[in-house]
Each structure stands twice: as structure tokens, then as C-alpha cells.
Amino acid sequence: MDIAVLIKQVPVSNNVSVDPETHALIRGSAEGMINPADLNAIEEAMVLKEQTGGKVVVFTMGPPDAEKALREAMALGCDESCLITDRVVAGGDTIATARVLAEAIKKYGNFELVLGGALSADGATGQVGAMVAECLGIPHIAEIQSVKYDEDAPDKIEAVKKVYGERFLVRAALPAVLSVNFGCNVPRLATLRSTRAAKNKPLTTYTNAELGLPEEQVGIQGSPTTVIDSFEPTGGRMAEMIEGTPEELAAKLKNLIDEEKGNL
Amino acid sequence: MAKGICVFAENYNGKLEPASAELVSAARLIQETTKEEISAVVVAENCDDIIEELKGLGVAKIYVVKTSRDLLLEDDAASQVMADMLKKIDPSSVLIPATPTGRSLFSRVAMKLNCGLTADCTELLVGTKEDGTYYIKQNKPSYGENVFVTIITKDGYYPQMMTVRPGVYTVPEKTEGNAEVIYMDDIEVPESKIEVVEVLPQEESTDSILSSEIVVVGGRGALEEDNFEVVKAFADKIGAAIGGTRPMVDTETIPFDHQIGQTGLTIRPKICISLGVSGAIQHTEGIKDTKLFVAINTDENAAIFKVADYGMKADLREVLENYLKL
């Protein structure tokens, strides 16, 4: 089974700010990492690959240095990678971004399964996976806990999804998109050897020239929504501040905890 | 001209989800300015109880597609039904609960209607354009420390569609409802490529952090020097499980699956002691329903103090070392 995995780079820390003029994200540092939930998606892809054979291709959209994230994903076992990088597609909202990712997947080849992290550590909209599925006209199961593929039913995939306080076993006809929850498995680690091997694995770069999407459908121009303002929250509630020496604070903390423990 | 505020009536097992009821309150606040009609859209197999509940919330119209099967998790089919309904109703805005179903279903609807979908709003305000028409300012927390952004749906894209975080608005008081119920029988329910095979038995939660009534949460401050040793000793002393923010996970101080927050776990301990946590909303989102929440941080402006019940501007190490002597 050939699998596409969608990943995104997120800032290493949450210490990012918003440019007051453009409202664009200012990354605290140039350092990015693969979004944690996407690592869980890669792990699911690797397990399925071990079971079924086929190849795993990792996709990301971003600046040229997003290659780093793709190499890292290939060091984790992904076979090939695809970077979509073009000023024209940058800065899009979820709709404009999903359109580009879906087009890149279509152009790259035939995939039975598309996996991605359910939520990103920065934007956390949880929307792109479903939107990619819609663009591709295939089913999507969101926020899943585990994936199961049965060779005796090769045109289907099963997933466990928790919602409404229940756990559901859900089946989708392939091809399908699955969005994988953060923490649902333990992602493997890269080794020195796999990191070295990843340097020579294929990386295909697409600009919008290859994808051929109309400019009014992608990037900032193709986004139905736009950020018009950013502000610091004002007012709101505030904790009751307790003052004192460390000794006094420790004693007060103990009182609070003991009192509440009495109510447990 | 598109008109009206439409609320998605999310339902499960024939009952309206409370997060949808809350949105009627959000819609009323918009209505105060725009004077638009508030309606609800329902797609369900068993609609009767849902319709009664919606009537009691005081909406003007209830649009219903009664399906011959439960569309639970069948986003491909349900999104088509919803898109067809919205095309006919032609509202100016659609409010959706920011729940797993809300975001996955309406992501597809938004793509079908090419109308955009703003995620996870915490406040909806009304703005006025130069021509006197209204638009909705969709406020939501943004990345990083405590910054909010205002998002709008650009001119030419309709309806304005947004998911709203559950718990921001309250369920309106019950009224004597006389909503008009409109069955949209001409809308077809397509086949789905998704099926719910079965409901699985509940898992025993073996993860101590999810079941623990007392949790100690460490942040960046807990990573300084060997503070974490003190934090661990403190957690042991009070019988707490340890969770952390992303820096703790990034440095592998705590396991990957003990990250608390938007992309990690949501915990509901009775007692939460937060140590050296700045309080980014991505993290504080993951702590709910506490009875006692104490935060210790050296920065008196730390956002965590807006979430905690009690705050101590102090060095966590000094306080905890003294605590361990008690």
C-alpha cells in the first residue's frame, strides 16, 4: 500500500509572536520541528508499510528550508519526499493550503492512504486533513487512535476513534485520509545510519508551475479568511496572589493542598 | 443577499449536544446588532427530541433533514447534505461548535462551498462595513503566548463560517418556543464510504496522569538547573502524577504522552499545582474542571496567573524545598 504522509513544521517553542503590522507569525527562532502529532502519523505509516509493503512519501508545504523536516521524516523511514514551495502558495488559510496539498498528492502518484497529524502544535485548527479529503473526493476519519489494515479486505481500512465518550471502530473504503491523534503511539527514533541514508533519498520539489492551480485559488489571494487584527487579552480573571517568604509560601501551599485533599 | 444566523445542531443518539445550544447565545449577541433571524440546521435519524430542545432555545426556524440511517462519522455524506441545506437557506453566517465532529464535518462543507472556516473562536463580535452591512469579527487565541487575533471572512465569500469553542457561551434559558420547523425532504442523502462497525468496550485508563486526582505540571521553569528533581520529590510527597508543557517533552524530561494541552492530553484533576509554567493558551486548554489550581512562577505577569485560583510569585525551588521539610 502506498501511503502519503502530510507533515508540517512548527516552532520549537511556543514563544512566537505576531507581527503587529502584518499579523503574520514571527517565529521565535528559525528552528522548526516536525509537528508532534505528525510523528505519530509517520509511525502509523511505517507500521503499515512493514505489514503491506509499498512506499511512504512524506509531503510538506513551506519555505525551502522545510527540506530539513522532510529529511528528518525520511530518517524515520519514509522512502521519498515532496516539498511544495512557492511564494504564490504561502500564507494561505486552511482551505487554500489543503487545495495545494491535495493537488501535490494527485500529481505525485496514486496513494491508497493519506495520513497526517490530527492537530498542529501551532495553529491547531484540525481542519486541513478533512479539507484535503474533500479535495480528493475520498473519505476521512478524523482524530483517530489506531489504524488496522486487513489483507483479506484490501479495499478498506479500519480505525479506532474516540468521540462522545465512546470508542468507535470505524471502517473507510480506500483510498482514504486518516488524521492521527497526538500520542497514540510511540514514534521510532532516527539512527545515525538512517539519518545518513535519508540524505540520499529522493526529494521532489513542486512550485505552483507544476501544480497549475489558478493563483486566485491559492495562498493569501485564494484564502476566504484573513487576519485583520491581533491584540493582547485584557482584563479577565486573576489568581489570588499569596505573598510571603518561601517558608510561609510552602506552609500556605500545604494548607491549601491538605484542605482540598480532605474534600477528595 | 445572504441573511440569517444559522447554528449547526450537532447531535448524538437523538440528543442535541450542549455545545450547540450554547451557540444560540452567541447568535443572539450578533442578532442584537444585525437583527437577523436565528435558525438551526439539523441532520438526524431521530429528530423529534432535538427539535423540541431547539424550540426551547428560542430559535426562529429549524431546518431539518430527517435521514433514514444514522450518519454518525459519515462526514462525506453528511457534509453533502449540510452543504445542500446551506445553499438553500443562504445564511450570512454559520456557527459551529469547535468539537471533533464540528471541525471535521464543516471542513468538508467549507471546501464544498469555498467559504472558509475559522477555527476555535472564543469571541464573536459584529463589525460594520462602509456600506452599512455587517460582518462578524471572529476572535480567537493565536499561536504562542496569549495573543488573540481577529479573523474575518473576505468579501465575496459566503456564508461566514466559524467554529466556536465549547464553554465560551452559556446555554440560553429555556423559553416557550414556537419555531417554524422546515423539513427539507428534497435533499438527498448520498451513500457514504464510511461505516461505524461497532462501539468498542471502554478502555481501562491505565495512564496515571489521566486518572490522577492530583497533578503537578512542570513548565520551562521546572527545567532550570536540577529543579525537576525537586518537582519529582514534591509530586511524590503529595501523591501526584507529573505532567508537563512542551519544553518538558521536547527535552524528554517527561514522556511524550504526558504533555498537557491542545496537542496533548486534557486532564481533569481535582488539584493542579503548576510549577514554572508560563501559561500559553495551548497548554492551559488541557486543564479543566480543577477544584484547586495553584501556580508558582517567578514572573508575576505570567499568563498562568489568569487561569489559576492562587498564585505565588516565587522561585519554585525555594518553595518546594521548604515544602519537603514540612
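Both backbone and side-chain heavy atoms feed into the values below; hydrogens, waters and symmetry mates do not.
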Side chain, backbone, both or neither of A:I138 within contact of chain B (heavy atoms, under 4.5 Å):
backbone

Where at least one partner belongs to residues 149-162 of chain B, residue pairs that pass salt bridge (charged side-chain N to carboxylate O under 4.0 Å, His left out), sequence neighbours excluded:
B:K129-B:D155

Engaged part of B:E10 at the chain A interface, taking heavy atoms whose separation is under 4.5 Å:
side chain

Run the numbers on A:I105 and A:V114 for side-chain contact (heavy atoms from CB on, under 4.5 Å), then give the verdict.
CA-CA 9 Å; A:I105 292 169; A:V114 180; 4.0 Å; yes

The interface call for A:V160 against chain B, heavy-atom contacts under 4.5 Å, is side chain

Contacting moiety of B:Y157, where chain A heavy atoms sit under 4.5 Å:
side chain

Options B:K112, B:Q138, B:K270, ranked by heavy-atom pairs under 4.5 Å with chain A, top entry:
B:K112

In terms of heavy-atom pairs under 4.5 Å, which option from A:A172, A:G137, A:G117 contacts chain B the most?
A:A172

is_close_aromatic(B:Y310, B:F293), centroid dist under 6.0 Å:
no

Against chain A, label B:E17 side chain, backbone, both or neither, depending on which of its atoms sit under 4.5 Å from a heavy atom there.
side chain

Tell me which of these, B:E300, B:E213, B:Q160, B:K237, has more heavy-atom pairs under 4.5 Å with chain A than the rest.
B:E213

Note: vs chain B, highest number of non-hydrogen pairs under 4.5 angstrom among A:A173, A:A133, A:P139 is A:P139

Show your working on side-chain hydrogen bond (donor to acceptor under 3.5 Å, both in side chains) between B:T101 and A:Y164 and close with a plain yes or no.
CA-CA 9 Å; B:T101 298; A:Y164 302 120; 2.9 Å; yes

Identify which part of A:N185 has an atom lying under 4.5 Å from any heavy atom of chain B, answering side chain, backbone, both or neither.
backbone

For the interface with chain A, which of B:A119, B:P100, B:G311 has the highest count of heavy-atom pairs at distances below 4.5 Å?
B:G311

B:P159 versus B:C115: any side-chain heavy-atom pair under 4.5 Å?
yes

Is there a side-chain contact (heavy atoms from CB on, under 4.5 Å) between A:K148 and A:I157 once you walk through the steps?
CA-CA 6 Å; A:K148 210 178 91 193; A:I157 191 110; over 6 Å; no

Hey, is the main chain of A:Q127 close enough, under 3.5 Å, to the side chain of A:T125 for a donor-acceptor pair?
yes

Counting heavy-atom pairs under 4.5 angstrom with chain A, the leader among B:I214, B:D315, B:D76 is B:I214

Given that the side chain runs from C-beta out, which part of A:E143 has a heavy atom under 4.5 Å from chain B: side chain, backbone, both or neither?
side chain

Backbone N or O of B:E318 within a donor-acceptor pair of the B:N322 side chain at under 3.5 Å?
yes

At a heavy-atom distance under 4.5 Å, which candidate from A:I141, A:T245, A:L256 has the highest pair count against chain B?
A:L256

Residue selection (most heavy-atom pairs with chain A, distance under 4.5 Å) from B:V199, B:D75, B:L117
B:L117

Is it the side chain or the backbone of B:S192 that comes within 4.5 Å of chain A heavy atoms, both, or neither?
neither

Does the side chain of B:T245 reach to within under 4.5 Å of the side chain of B:I260, using non-hydrogen atoms?
no

Taking only residues two or more places apart in sequence or in another chain, which ones pass side-chain contact (heavy atoms from CB on, under 4.5 Å) with B:E321?
B:V230, B:R317

Just so I understand: if I count every heavy-atom pair under 4.5 Å between each of B:V196, B:I296, B:L72, B:D309 and chain A, which residue has the most?
B:D309

Counting only N and O atoms by type, is there a donor-acceptor contact under 3.5 Å from the side chain of B:S107 to the main-chain atoms of A:M131?
no

Which one wins on heavy-atom pair count under 4.5 Å against chain B: A:H140, A:K156, A:E243?
A:H140

Under 4.5 Å to a heavy atom of chain A? For B:V319 that would be both

